[in-house]
Trainee: 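First the structure, then my questions, so here it is.
Chain letters run A, B, ... following the sequence lines, proteins first, then strands; residues in each count from 1.
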Amino acid sequence: IAVGNAVVDMYVKCGSLAAAREVFDILRERDVISWTTLITGYLEHGCCEAALECFEQMRLEGIHPNIVTIISSLNSCSNIGATEKGRILHAQIEDKEYFEKDLVVGTALVNMYAKCGSLAMAQKLFDNLKETRDVILWTAMIEGYMDHGYGEAALKCFTRMQLEGVPPDMFTFVCGLKACSSIGATEKGQEIHAEIERLGMTVNSLVGNTLVDMYAKCDQLILARQVFDKLPTRDVDSWNPLIAGHANVGDIGDALHLVENMCREGIMPDPVTFVCVLSACGHTGMSEKSHTYFEAMSKDFGIVPALVHHNSMVDIHCRTGQLDKARVLIQKMPLSPD
RNA sequence: CUAUGGGUUAUU
């Protein structure tokens, strides 16, 4: 049975969920590890509903979930915002008081409640963990506040973490910067920026790109540009926030210049770049130009317009009062409108 | 050394 489980796990880790399922289905015996391996496989492939169905199926077949199964399933709930199911899983933990104080279980619970927007519950469990709190737990809590519109609370949490002597890592910095973006806290952003510089973490492309995004979202385009210019490597994800920043303040000309410069450096626009460009058209009422860019997307750059792009086109025509045209666009969409 | 915890950019 351990060999069979290892084979299922191997296929999961190789990214072949179908093969994993096939082997799982012909196993002569299945234990809690077989099921948990499959459930985690669905989770890792983003099939969270399937993962949760699998959890139910397992119970129907009389296999009792253990704490690992629960942690994995809590993650599925986090990813799809399945609060009720998450609450039920939480209640199903045997030795709940014991496991709530376990860092891994506690973090999975805090993360689940935070992602589902039950911040009070997340905070309560977080407080309960007291001495053992590590950077991952802190980051889950900060991200929860940040993602639900509580930028101030997120920053307070970020500060408290440092006061308690837990050093932030790149994930924490990214959350802190996003919290600044969400409330336009330029000064706090600069403070965090200075710290990132001190630690030499600007060489990390994720952190560097997030800094550009933070300044751009705070409408500090000059500062955004300064960070951008100092990035050791620039990819499309470094250009996009800068382009979006200009697009959002209505600088369509500057936004387009940036796109040109990017192309000149050999970096091709991606679907996000075009959302920025189309959004800029919307903000400046350029409904005619938008068709040019929309067509160039597939013709010149080989990017198949996604739903967001079609939605942007609809938005542009609504903003310019061309509701009839917007209606036609919706009707003629090659994708099903949302 | 068969399964388990946090991550960046865009439209409404």
Trainee: Would you sketch RNA chain B in dot-bracket for me? Only Watson-Crick or G-U wobble pairs with both distances under 3.5 Å count, crossing pairs as [ ], other-strand pairs as |, the rest as dots.
Mentor: ............
Trainee: Does any donor atom in the side chain of A:N128 or A:K101 lie under 3.5 Å from an acceptor atom in the other side chain?
Mentor: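 Side chains of A:N128 and A:K101: pair found under 3.5 Å.
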Trainee: Walk along RNA chain B from 5' to 3' and tell me the first and last nucleotide with an atom closer than 4.0 Å to a non-hydrogen atom of chain A.
Mentor: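 Using the under 4.0 Å cut-off, the span is B:U2 to B:U12.
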Trainee: For A:N311, which contact category applies under a 4.0 Å heavy-atom criterion: base, sugar-phosphate, or nothing?
Mentor: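 If one applies the 4.0 Å heavy-atom cut-off, A:N311 turns out to touch a base.
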Trainee: Quiz question: by atom type and distance under 3.5 Å, do the side chains of A:S76 and A:N79 form a donor-acceptor pair?
Mentor: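 The criterion, which ignores hydrogens and geometry beyond distance, is not satisfied for A:N79 and A:S76.
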Trainee: Determine the Euclidean distance between corresponding P atoms of B:C1 and B:G5; express it in Å to zero decimal places.
Mentor: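 Each nucleotide's P atom is 14 Å from the other's.
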Trainee: Among all residues two or more places apart in sequence or in another chain, which pass the side chain to side chain donor-acceptor pair (under 3.5 Å) test with A:K178?
Mentor: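 A:K178 satisfies side chain to side chain donor-acceptor pair (under 3.5 Å) with no residue once adjacent residues are dropped.
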Trainee: Looking across every strand, which nucleic acid part, if any, lies under 4.0 Å from A:T37 by heavy atom: base, sugar-phosphate, or nothing?
Mentor: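 Answer is sugar-phosphate: A:T37 comes under 4.0 Å of backbone atoms only.
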Trainee: If we count only N and O atoms by modelled type, under 3.5 Å, do the side chains of A:T37 and A:D9 hold a donor and an acceptor together?
Mentor: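 Short answer, no.
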Trainee: With no hydrogens and no angle check, just 3.5 Å: does a side-chain donor-acceptor pair link A:H148 and A:E143?
Mentor: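 No, no side-chain donor-acceptor pair sits under 3.5 Å.
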Trainee: Has A:E152 got more than 12 heavy atoms of other residues, nucleotides or ligands less than 6.0 Å from its CD?
Mentor: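 No, the 6.0 Å shell around CD holds no more than 12 heavy atoms from other groups.
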Trainee: I need the residues from residues 330-338 of chain A with at least one non-hydrogen atom less than 4.0 Å from RNA chain B; give them sorted by number, or say none.
Mentor: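 Within this stretch, nothing sits under 4.0 Å of the strand.
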Trainee: Within the 4.0 Å heavy-atom criterion, would you say A:I39 contacts the bases, only the backbone, or no part of the nucleic acid?
Mentor: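 If one applies the 4.0 Å heavy-atom cut-off, A:I39 turns out to touch nothing in the nucleic acid.
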Trainee: With a non-hydrogen cut-off below 4.0 angstrom, is A:D102 in contact with a base, only sugar-phosphate, or nothing?
Mentor: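 Nothing: the residue A:D102, judged by heavy atoms under 4.0 Å, touches no strand.
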Trainee: Tell me what A:N75 touches on the nucleic acid: a base, only sugar-phosphate, or nothing, going by heavy atoms under 4.0 Å.
Mentor: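 If one applies the 4.0 Å heavy-atom cut-off, A:N75 turns out to touch the sugar-phosphate alone, with no base involved.
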Trainee: Report yes or no: do A:S238 and A:D235 form a side-chain donor-acceptor pair below 3.5 Å?
Mentor: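 Yes, side-chain donor-acceptor contact under 3.5 Å.
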Trainee: Counting only heavy atoms from other residues, nucleotides and ligands, does the tally under 6.0 Å from OH of A:Y150 exceed 12?
Mentor: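 At most 12 heavy atoms, drawn from other residues, nucleotides or ligands, come within 6.0 Å of this atom.
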Trainee: Within a reach of under 6.0 Å around NZ of A:K96, are more than 12 heavy atoms found that belong to other residues, nucleotides or ligands?
Mentor: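 Count over threshold, so yes.
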Trainee: Just checking, any donor-acceptor pair under 3.5 angstrom between side chains of A:D31 and A:N5?
Mentor: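 There is such a pair (donor and acceptor under 3.5 Å, judged by atom type) between the side chains of A:D31 and A:N5.
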Trainee: Of the residues in residues 170-191 of chain A, which ones touch RNA chain B at a heavy-atom distance under 4.0 Å?
Mentor: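 Here the set is A:M170, A:F171, A:T172, A:V174, A:K178.
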Trainee: Is the distance between the ring centroids of A:W35 and A:F55 under 6.0 Å?
Mentor: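 No, the ring centres sit 6.0 Å or more apart.
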Trainee: A:E195 and A:Q162: side-chain donor and acceptor closer than 3.5 Å?
Mentor: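 Present: a donor and an acceptor within the cut-off.
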Trainee: Examine the side chains of A:T172 and A:D169 and answer whether a donor and an acceptor come within less than 3.5 Å of each other.
Mentor: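 There is such a pair between these side chains.
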Trainee: Above 12 or not: heavy atoms from other molecules or residues under 6.0 Å from CD of A:E265?
Mentor: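 Yes.
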Trainee: For A:Y98, does the OH atom sit with more than 12 other heavy atoms under 6.0 Å from it, leaving out its own atoms?
Mentor: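 No - once you tally the heavy atoms of other residues, nucleotides and ligands closer than 6.0 Å, there are 12 at most.
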Trainee: Crowded around A:H257 NE2? As in, over 12 foreign heavy atoms under 6.0 Å?
Mentor: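 It does not: A:H257 NE2 has 12 such atoms or fewer within range.
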Trainee: Quick one, which residues of residues 232-242 of chain A touch RNA chain B with a heavy atom under 4.0 Å?
Mentor: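 By residue number: A:D237, A:N240, A:P241.
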